[in-house]
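First the structure, in the form of C-alpha cells, and then the observations on it.
Counting from 1, the numbers follow the sequence of the chain as shown. This is a predicted model, so every value here is computed, not measured. Order of appearance sets the numbers: ligands from 1, and atoms from 1 within every ligand.
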Amino acid sequence: MTQSPSTSNATTSATAYRAAILDSLGDPAELGLENSYRYFEDGMMVVENGRITALGHAPEIMKGLQSGTKIHHYEDALITPGFIDTHIHYPQTGMIASYGDQLLDWLENYTFPAEQKFVDPAHAEQVSEIFLNELLRNGTTTALVFGTVHPQSVDAFFSSAEKRNLRMIAGKVLMDRNAPEALTDTPESGYRDSKALIERWHGKGRLHYAVTPRFAPTSSPEQLATAGQLLREYDGLYMHTHLSENRNEIEWVKALFPEQNGYLDVYDHHNLLGQRSVFAHGVHLCDEECQRLAETDSAIAFCPTSNLFLGSGLFNLPQAEQHKIKVGLGTDVGAGTSFSMLQTINEAYKVMQLQGKKLHPFKSFYLATLGGARALQLEQQVGTLEPGSEADFVVLDYNSTPLMSYRMQQAKDLEERLFVLMTLGDDRAIKCTFAMGELVYSRD
Ligand code: GUN
Ligand code: FE
C-alpha cells in the first residue's frame, strides 16, 4: 500500500535574530516606566514555524540553539514587535495630503470622490497592493482597516493580505445616507453584503472582519441596528467606526439623533460598544462617555497626524488613562499624513506638549505595539515578542539618516535613543519587516 508522503520527518528550521531587542510588558500608566518594558542590549530571538520560541540575552540563548540554526546579526539596530495601526483607510491612499478642509468638507471634496473609484475591482486590487507595501515599508504588520461601501474593495484587500500572511482586520463601509448615491447601500444590502464577506473571510488564516458603519451621520438608525445584529450573529467580529472627531460633526449627530444622549449614546443605543469595538478619534469626549467606553471595554484609536491635519483638536490621553480606556495609535491615512507609526508617535508627542503634558518614549512604544494589540484583543498573538507569539517584528536602524546617526552618538541610554528614533525616524528607519517569521520587506 502506498502512502502519501509523510511530513513527520520534515526538519523544523529555527532561525535566530541577534540585535538589541525591546518589547513592552504593559502600560507605563499602570506598571510604572521601569516595569513597562523588557530590553536585551545584546539580545537574541528564536523563530520557528512562524512563532517566537525563545527570547533573551544572546550568550544564554545561543547555548540552547540547535546546531545549524541560522543566525542573523544586526549591528546598531533594534528589534521590536511590528507596529499596530488601529485605524486606517486603505481606499484613501491616493488622496493623502489633500489641501485646505476640515472633516465634513474634506469628506465631500476629496474622500467621497476617491472612494467611488473602488467600484472597479482592478482599482481596488492595485490600491490594496500599494497600501500593504506602504504599511510594511513602515514596519506596520497589523492594522484595522476601512474599505469602501463596495464589497469588492474588501475582497481585494483581504486577498492581498492573505497572500502575504498578514494579521489584518477590515470591513466594508456601511453608509445609507448623507453621502453620494454611488457610495450608499441600504440597511438590507449592507447587511447582506457584510454577511457574505464575513462568511468568506472572517477567521480565514490571520484575517478578521470588522463591521464598519462609517460614522453616525451616514447611517440610518435602521442600518445601525443591522450592525448590532451582525455583531450578535457571529463570534469574534470587530466593530470599527469614528467618534467625536470634529465639533461640527458632533453638532450634526445631535441634530440627526435628538432622542439620543450625545454621540457615543447613538452607538450604545444600537449595541455597538464592546471589547472588540474600536472608535477612531474621541477627541471631544465628556467623562460620562469615557466611563461608558471603559465599562464596555471599548477602545479608542488616537490619530494625532489626522487630528492636527484636519484641525480636529487635541486628544486627551490622560483623560483616557484616568478612565482606563484601552487606547491604540492610528495613522488614519488619508486624513493622517503618514503611514509611519514613528512619525505618528512624533506628532502624538506634540499633541501632548500643546496640552502641557509629556509623552514618554516607553508610553509611545507601548501604544504603538502592545497597547494597539490590546485595543484589538490580539495581545496573545501579536504586539510583544513573548515566546508563543506570532513572529511579526521589525528591525529598526539607528543610522537611518546622517542626522539620526550623529544625534545617536550623543544619546546616553535606551530611553534617549528610543526618543530620537521616534522623533527623527520614518520609513527610512525600517530596515526589515517580518510577518509570521517571513521577511516581507527589506529596505536594502
Ligand atoms: N469620519 C467619517 N468618515 C471619515 C473618514 O474617512 N476619515 C476621518 N478622519 N473621519 C471620518
Ligand atoms: Fe478615519
Next on the checklist: Once salt bridge (charged side-chain N to carboxylate O under 4.0 Å, His left out) is applied, what residue pairs with a partner in residues 239-251 remain, sequence neighbours excluded?
Outcome noted: Glu251-Lys254
Checklist outcome for this item: Taken by chain and residue number, the protein N/O/S atoms under 2.8 Å from the Fe ion (ligand 2) read His87 NE2, His89 NE2, His242 NE2, Asp332 OD1
Item to check | Geometric class of the Phe146/His242 ring pair [parallel <30°, tilted 30-60°, perpendicular >60°] | outcome: tilted
Checklist entry - Parallel, tilted or perpendicular for His72 and Tyr17, by the 30°/60° rule? => result parallel
Item to check | Under the ring pair (Phe, Tyr, Trp, His ring centres under 6.0 Å) test, residues paired with Tyr191 that sit two or more places apart | outcome: none
Item to check | Qualifying residue for side-chain contact (heavy atoms from CB on, under 4.5 Å) with Val149, from Val119, Asp193, Thr218, Asp185 | outcome: Asp185
Checklist entry - Going through the checks in order, is the ring-ring contact (aromatic ring centres under 6.0 Å, His included) test met by Phe279 and Tyr267? => result CA-CA 10 Å; Phe279 296 91; Tyr267 296 133; 5.5 Å; yes
Next on the checklist: If the criterion is any heavy atom closer than 4.0 Å to an atom of ligand 1, which residues make the list?
Outcome noted: His89, Gln92, Leu103, Trp106, Leu107, Arg214, Phe215, His242, Glu245, His281, Asp332, Ala335
Item to check | Asn316 side chain vs Gln319 backbone, donor-acceptor pair below 3.5 Å | outcome: yes
Checklist entry - Going by atom types alone, do Asn246 and Ser312 pair a side-chain donor with an acceptor below 3.5 Å? => result no
Next on the checklist: Hydrogens and angles aside, do Glu129 and Ser160 bring a side-chain donor and acceptor to less than 3.5 Å of each other?
Outcome noted: yes
